[in-house]
Amino acid sequence: MKKLMLGNEAVARGAYEAGVTVATAYPGTPSTEITETIAANYDNIYSEWSPNEKVALEVAIGASIAGARSICSMKHVGLNVAADPLFTVSYTGVNGGLVIVVADDPGMHSSQNEQDSRFYARSAKVPMLEPSDSQECKDFVKKALEISEEFDCPVILRLSTRISHSQSLVELGEKEDYKLKDYKKDFNKYVMMPAMARKRHVEVEKRMARLREFAENTSLNKIEWGSKDIGVITSGIAYQYAKEAFGDVSYLKLGMVYPLPEKLIREFSGKVKKLYVVEELEPFFENQIKKMGIEVTGKELLPAIGELSANIIKEKVLGEKVEINAAINEAIPVRPPVMCPGCPHRGTFYVLKKLKLTVNGDIGCYTLGALPPNESMDTCVCMGASIGMAHGMEKARGRDFSRKTVAVIGDSTFIHSGITGLIDIVYNKGNSTIIVLDNSITGMTGHQENPTTGFTIKGEPTRQVDLVKLANAIGIDRVRVADPFNLKEFEKIVKEEVEADEPSLIIAQRPCALLKRSVNFKGPLKISSEKCRKCKVCMTIGCPAIVDKGSSIEINDALCVGCELCTKVCRFDAIEKAGADCAKS
Amino acid sequence: MQNLNIMIVGVGGQGTLLASRILGAVALKKNYDVKVSEVHGMSQRGGSVVTYVRLGDKIHSPLVEKGEADIIISFEQLESMRWAEYLRCGGKFIVNEQKIDPMPVIIGKAKYPEKIIEKIKENCRKTIVVDALSIAKKCGNIKTVNTVLLGVLAKSTQIEKEVWLESLKETVPSKFLDVNLKAFEEGYSLQAQ
Ligand SMILES: Cc1ncc(C[n+]2csc(CCOP(=O)(O)OP(=O)(O)O)c2C)c(N)n1
């Protein structure tokens, strides 16, 4: 049976068919749907949202050593967090097959950088596979598990946004009957102290040699002969763009992108007149091929920044200009993402802007507070960074400066990697004020549960992290819980806490406006044209539902949810429930 | 068959994803090769979103590029303008009249362009303008804007109506099915007039 599946769904299906029984992840676009699909569809697989990618990988390693086939998924920057276990599980090797799925985001549709994960395979000395459509996503998961077991190593499966988030046809297969492997205690293999690790490193190098041999013969790498005037070495989504752009030429499509099959590359390059490498982001293949002494053209012509496309290849390599007809010559206003109508973060940023604080930001929906009209975020580097950076600012510029400084961090991000930063502040005698934006969900990535929400990935109730107790336990005495829509109270609390000469934690608690289980707004509001004086204060909160029509300020009833934040800033009581002519209920 | 390139553009949250899912199901029923490229993550939060759907005998790239779209369905006026150059010469434009101000307009840093529909029509003779929001409201659920537009699209393709209806039934949750079927019919019959 054929089914239309996202690359991510196909990865999940592959895991299921291959008999995987443990799946772990921390969410991150574009990888999130892998583990969501597993949790929703395959009950025989244990799945979890781990607090971060490092823990996720460690759980998967434990499962593998215990004998299960396991899969751990993350976005590209997640592998930075999980890099520590990655480099050493390369030494210990596995028992049950272990696949690490990492989804890159060329073009940065939803990311803070566009690092190329292929370098991780090379530095950690583990094989990496890269599928070019959903069918291969499914097939390559199985292959990866086989390679993992045959060569006693983890295998990385590299995806990218256009693979993860494109649907294409997949032929479904049967579930394999995979038996849990025996668990054997083996400290020479699994306890990486210097004496043992030195021996394992030798094994790793031997393994690399065997993997290079394997790469020459595996069906993952294949030559498609066409016209031999041009030969193209490519992989993943770049293969699809190349097919579209070059048409009937010869291709060496690499399904295994590390280690490279040197003999196969030599054979291929020897038979074509002109050799190109088409790869997204870094010249990863190109540099290795050049080092083999083979002449090849790649990044001289193609960009190392952003996504490729068929037209980019046509234009840059083949010199074909693509004609465009229906263009309208006029400035078109951009449409950046915005906080949703009813978003709890809007209250927080309204107050932070008003107080003109230096705000160390973090990653999540609330990063949108950096954009107009709030523009009240000064920094955003990586998950968890806000807290350490606020502390660093205080140490650099002193206490007076830190009285005008805060850090803001979402609930999921705080659990991911904020706690250690907070401990640093307490331990090293800082005074920073940290605001946890607790919207009871992991919002940005599309509503995943996390340790603060009280539910597991399967929606089962579980023990909830108590942020107040946690803060107390690490030595923070000043902990305040406040509703960011109670603007006056919230402002007062922030002012008090930045003044206090000790670290403090403010928990800004209000559920995400899209969280059905907790939110019950009363429906659209409207602005009374009699009462409105057009002072436009309501527009400063930056709600997409409030529109300046020139002669009047209006509320777009298709967008307004009725959160009533605007009613709290209006001085003329002009905003009322739509449909009722009387005052707001 | 010749490849058919469709783009669905709009504002995050407008339900463009459901429309592309239904299109995918249609392609599957017709035994075409198909690729659907979606946007998840950041831009779904009220940003400009685009979905590419490509059908044919064999599809490689999941992307539709400038000048290559046979049909663009736009959920919002400004977005139709933004993506207009993706339409091929002689392609068809289905434009929902709805307007959603982007943040630069809301805060007075930019102006929402005027006479967009006229400009689109100047550029593309095959433009169908739809007031899908009013139709959806009339059907009883403003979230069916996407299904109204899908109805209009269905009428503009060679693919049989039954295939669309079956795909709709498979994709839409059962409790919203009736209102969606109604919205689809409204869209489908619109163009006949
Ligand atoms: C290391 C790493 N992993 C994952 C992500 C993807 N990501 C970005 S924001 C975010 C979660 C945000 O949730 P939360 O902190 O609760 O804030 P909210 O979006 O709900 O406001 C995730 C998982 C990332 N950017 N970096």
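Order of the sequence lines fixes the chain letters, A, B, ..., with proteins taken first and strands second; residue numbering starts at 1 for each chain. Any value given below was found using the heavy atoms of this structure, including those in side chains, with hydrogens, waters and symmetry copies removed.
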Contacting region of [X] [heavy-atom separation from chain A under 4.5 Å]:
{"X": "E68(B)", "value": "side chain"}
{"X": "I100(B)", "value": "both"}
{"X": "K111(B)", "value": "backbone"}
{"X": "Y52(B)", "value": "side chain"}
{"X": "Q14(B)", "value": "neither"}
{"X": "V34(B)", "value": "both"}

Can you tell me how far apart [atom1] ([X]) and [atom2] ([Y]) are? Round to the nearest 0.5 Å.
{"X": "L28(B)", "Y": "Q167(A)", "atom1": "CG", "atom2": "CD", "result": "10.0 Å"}
{"X": "K243(A)", "Y": "I59(B)", "atom1": "NZ", "atom2": "CD1", "result": "13.5 Å"}
{"X": "L63(B)", "Y": "R162(A)", "atom1": "CG", "atom2": "CZ", "result": "4.5 Å"}
{"X": "T51(B)", "Y": "H165(A)", "atom1": "OG1", "atom2": "NE2", "result": "11.5 Å"}
{"X": "I332(A)", "Y": "E85(B)", "atom1": "CD1", "atom2": "CD", "result": "7.5 Å"}
{"X": "I107(B)", "Y": "N374(A)", "atom1": "CD1", "atom2": "CG", "result": "9.5 Å"}

[X] atom [atom1], neighbour heavy-atom count above 12 within 6.0 Å:
{"X": "Q2(B)", "atom1": "CD", "value": "no"}
{"X": "E118(B)", "atom1": "CD", "value": "yes"}
{"X": "K161(B)", "atom1": "NZ", "value": "yes"}
{"X": "K316(A)", "atom1": "NZ", "value": "no"}
{"X": "K30(B)", "atom1": "NZ", "value": "yes"}
{"X": "E171(A)", "atom1": "CD", "value": "yes"}
{"X": "F176(B)", "atom1": "CZ", "value": "no"}

Closer than 3.5 angstrom, by distance alone: can the side chain of R45(B) be matched with the main-chain N or O of P336(A) as a donor-acceptor pair?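 No.
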Carboxylate-amine/guanidinium contact E65(B) K314(A), below 4.0 Å: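 Salt bridge flag = no for K314(A) with E65(B).
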Give the member of E79(B), R82(B), K66(B), E122(B) that has the highest number of heavy-atom pairs under 4.5 Å with chain A.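 Most heavy-atom pairs within the cutoff with chain A belong to R82(B).
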Who among D101(B), V53(B), I142(B) has the most heavy-atom pairs with chain A under 4.5 Å?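 Between D101(B), V53(B), I142(B), the count favours D101(B).
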Chain B: which of [options] shares the most heavy-atom pairs with it under 4.5 Å?
{"options": "C365(A), C340(A), S111(A), P544(A)", "value": "P544(A)"}
{"options": "I163(A), T161(A), V547(A)", "value": "V547(A)"}
{"options": "N311(A), L4(A), L169(A)", "value": "N311(A)"}
{"options": "L514(A), L559(A), T540(A), L6(A)", "value": "L6(A)"}
{"options": "K536(A), M339(A), E33(A)", "value": "E33(A)"}
{"options": "V334(A), D548(A), N556(A)", "value": "V334(A)"}

Identify the heavy atoms of [X] and [Y] that sit nearest to each other, and give their distance.
{"X": "A558(A)", "Y": "Q98(B)", "answer": "CB-NE2, 4.4 Å"}
{"X": "P372(A)", "Y": "K109(B)", "answer": "CB-NZ, 4.3 Å"}
{"X": "P333(A)", "Y": "L78(B)", "answer": "CD-CD1, 3.8 Å"}
{"X": "A331(A)", "Y": "P113(B)", "answer": "O-CG, 4.4 Å"}

Do D557(A) and K137(B) make a side-chain contact, defined as non-hydrogen atoms from C-beta onward lying under 4.5 Å apart?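 SC-SC contact between D557(A) and K137(B) confirmed.
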Is any side-chain heavy atom of Y239(A) closer than 4.5 Å to one of S61(B)?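 Not in contact.
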Go through the steps for V11(B) and R335(A) under the test side-chain contact (heavy atoms from CB on, under 4.5 Å), then give the verdict. CA-CA 8 Å; V11(B) 177; R335(A) 189 187 298 276; 3.4 Å; yes
Take R54(B) and E244(A) through the salt bridge (charged side-chain N to carboxylate O under 4.0 Å, His left out) test and state the conclusion after the steps. CA-CA 13 Å; R54(B) 303 190 67 208; E244(A) 201 91 28; 3.2 Å; yes
Check step by step if side-chain contact (heavy atoms from CB on, under 4.5 Å) holds for D133(A) and K35(B). CA-CA 9 Å; D133(A) 61 17; K35(B) 283 193 177 159; 4.2 Å; yes
